[in-house]
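Scroll down for the structure; my scribbles are underneath it.
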Amino acid sequence: MKRLLSLVCVLAIWLLDACQNPVENVALKLKDPLAVTLQIKYTLPSGLSADKLAIKIGGPDAEKVVTTLNTKKFKLTSDGKLFLCLVPSTTPTTNAPIRFNVVALSDQSVDHILPIQLENTTVRNLTIALTGNKAANEPAHQSFKGSESGTVQSAATVQTKAEANVTQATITVPQGSEVKDVSGQPVGGSLTITADPVNNSNTSKAVSELPGHGIINASTPAGGFLGNQQVLSVAGGARITVYNEEYQLAKTFSQPLRLSFALNNQMLNPNVGRTIQVGDVIPLFSFDEVSNKWTQEEPGKVQRNASGNLEYVAEIKHLSLWVAAFTEEVCSDGPTFKFLSPYADRSPAYRVEAIDPAGNVVVRAGNPLTFATAINNGSSIRVTNLRKGLKIRLRLFDNANKVYLSPEIDGCSNTEVAFDLKAIPYTPITPPAPDNRKEVTISFNFKCGTKGVDPEKLPFKVLYSQFRAAGSQDEWKDLPTMVWPTLSTKVLVELNKAYDLRAGSIPDRLDIDIKNYKVTSTNWPINLTESESKQYCNP
């Protein structure tokens, strides 16, 4: 293994001109890394490496966002992670949140702008999948001009592709509209509008892409709660953004934008039991991805366009995910089915359906309500978001396809009902393979004898670390942080197997590399020699 202190020296390489021999009375000094507030894991399209993705920060409070080393040099780790911090003495609150946009750019992917609102300093973890710019589902975009004061200089229109399974959406920004961001500041200069449509080939496919998967817990614009709604069919939907060259995201417009969706003439209006016609009103919802809230907006209507085809037209004054859909109110409460079975534990999974009194499988938000579940004795499952007035029961199939029925119960009742399955043949599950892993303690050790370590001399007091099988291309696995005075952590690994370890005092700079270490006992020491430890010891 390499001399450990030479590895420690790597931690300071970006602060020192050269890494000198620690025995020569050279004390390493590191900046104290800032606490991470936001961690984003980017999933990159094929062919794009993390070092080719540029990261920019825009938006109202962009100046308050920095790296772990309090710089503006934002970049991903080799495994696609981004760590962001707030400048010292910045404390976001509910009444005074910090708002900014994280922008990911490359020649091989669609520009991605992620609006963030922080209301506390609790670490927030997100996973973002980027779209390749040659993908069929690339959003439509159009450039247009705005004045420096945020006034649209000329009308702009963006239209998504006409595809059989995707909403064709058209959005027009009117000339003279004043554009502002979420904090009320003007969004001026060269602007870009994008539209990313919803696949509405069928209700099941459409709701799979919607927040809540077809259950909309909508409020009014004034904040009044309307109750949960299930989506019956989607007329159209699109995620709309407008931003300038500084990646400042627009939120509101002083004049409404015209939003239209091309309609399928055979779409049913479930409220009247026929196909849609000119003049039909279809409810309109917006979803704010920052606040995670649905709002039922002023609805649009069905009309004919210049070509004589049906389209849905509405006016909107802010930007979000917009969805025009027929919905039905459902109950947020629902019954709980408690299993009485021969399995004390380790039940296999059984196929279960929720059915109505006629024996039909219940459909919720376009999807049949079927699932697989274990039936351990005393365990339970709750069914919610069913339409009002519906009676349901569970239908379970055993391994011989024999059917078992639960008692019938009101789908909106907030009660528990016993589902007696004691007659099901007991089918033991093959026990899992024994876990041969052992809990191993990893520790970073100084050799100072009875004098002990002077913590003020240490180049770090917190170490972040990851491990994986030696020489593999597996994902690195995070370990709990090592914190002074113990500087140790625990991991489950197989003995007599080799592992790679990397560590560092900053989560996005794990520069200590320990390769091909064969773990032979429940201790994995990282030991400094007496000479390497000397300058960190008490006098």
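Atoms considered below: every heavy atom in the structure, side chains included; atoms not considered: hydrogens, waters and symmetry mates.
- In summary, Lys461 and Asp454 do not engage in a salt bridge, as defined by a charged side-chain N under 4.0 Å from a carboxylate O.
- Look at Glu329 and Lys388 and you find a salt bridge, because one of the NZ, NE, NH1 or NH2 atoms lies within 4.0 Å of a carboxylate O, short of that distance.
- Annotation: cation-pi geometry not satisfied between Arg239 and Trp322 (NZ/CZ under 6.0 angstrom from ring centroid, within 45° of ring axis).
- In this structure, a donor-acceptor pair under 3.5 Å is present between the side chains of Gln230 and Glu328.
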Between Asp79 and Arg502, is a salt bridge (charged side-chain N to carboxylate O under 4.0 Å, His left out) present by the stated rule, with each step listed?
CA-CA 13 Å; Asp79 53 352; Arg502 64 184 187 184; 3.7 Å; yes

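- Here the rule is side chain to side chain donor-acceptor pair (under 3.5 Å) with Thr241, and of Thr194, Thr192, Asn101 only Thr194 fits it.
- Between Ser254 and Glu178, the side chains place no donor N or O within less than 3.5 Å of an acceptor N or O (distance only, hydrogens not considered).
- The minimum heavy-atom distance linking Val123 with Val36 is given by the pair CG2-O, 3.1 Å.
- Under the 3.5 Å distance criterion, with hydrogens and angles disregarded, no donor-acceptor pair is assigned to the side chains of Ser154 and Lys145.
- Judged purely by distance below 3.5 Å, without hydrogens or angles, the side chains of Thr37 and Thr121 never pair a donor atom with an acceptor atom.
- Remark: the Ser204 side chain and the Asn367 side chain contain an N/O donor-acceptor pair separated by less than 3.5 Å.
- Using bins of under 30°, 30° to 60° and over 60° for the plane-to-plane angle, the ring pair Phe261/Tyr312 lands in the parallel bin.
- Between Asn95 and Thr93, the side chains place no donor N or O within less than 3.5 Å of an acceptor N or O (distance only, hydrogens not considered).
- No side-chain donor from either of Asp181 and Gln185 sits under 3.5 Å from a side-chain acceptor of the other.
- Using bins of under 30°, 30° to 60° and over 60° for the plane-to-plane angle, the ring pair Trp524/Tyr499 lands in the tilted bin.
- Electrostatic pairing of Asp333 and Arg382 counts as a salt bridge here, judged by a charged N lying under 4.0 Å from a carboxylate O.
- A donor atom on one side chain and an acceptor atom on the other are not found under 3.5 Å apart for Ser177 and Gln255.
- Side-chain contact annotation: Asn228 with Asn217, donor-acceptor N/O pair under 3.5 Å absent.
- Side-chain atoms of Asp111 never come within 3.5 Å of backbone atoms of Leu105 as a donor-acceptor pair (strictly under, hydrogens ignored).
- Ser286 and Glu297 share a side-chain donor-acceptor pair at under 3.5 Å.
- In this structure, Phe100 has its ring center at least 6.0 angstrom away from the ring center of Tyr247.
- Side-chain atoms of Ser443 and Thr441 include no donor-acceptor pair closer than 3.5 Å.
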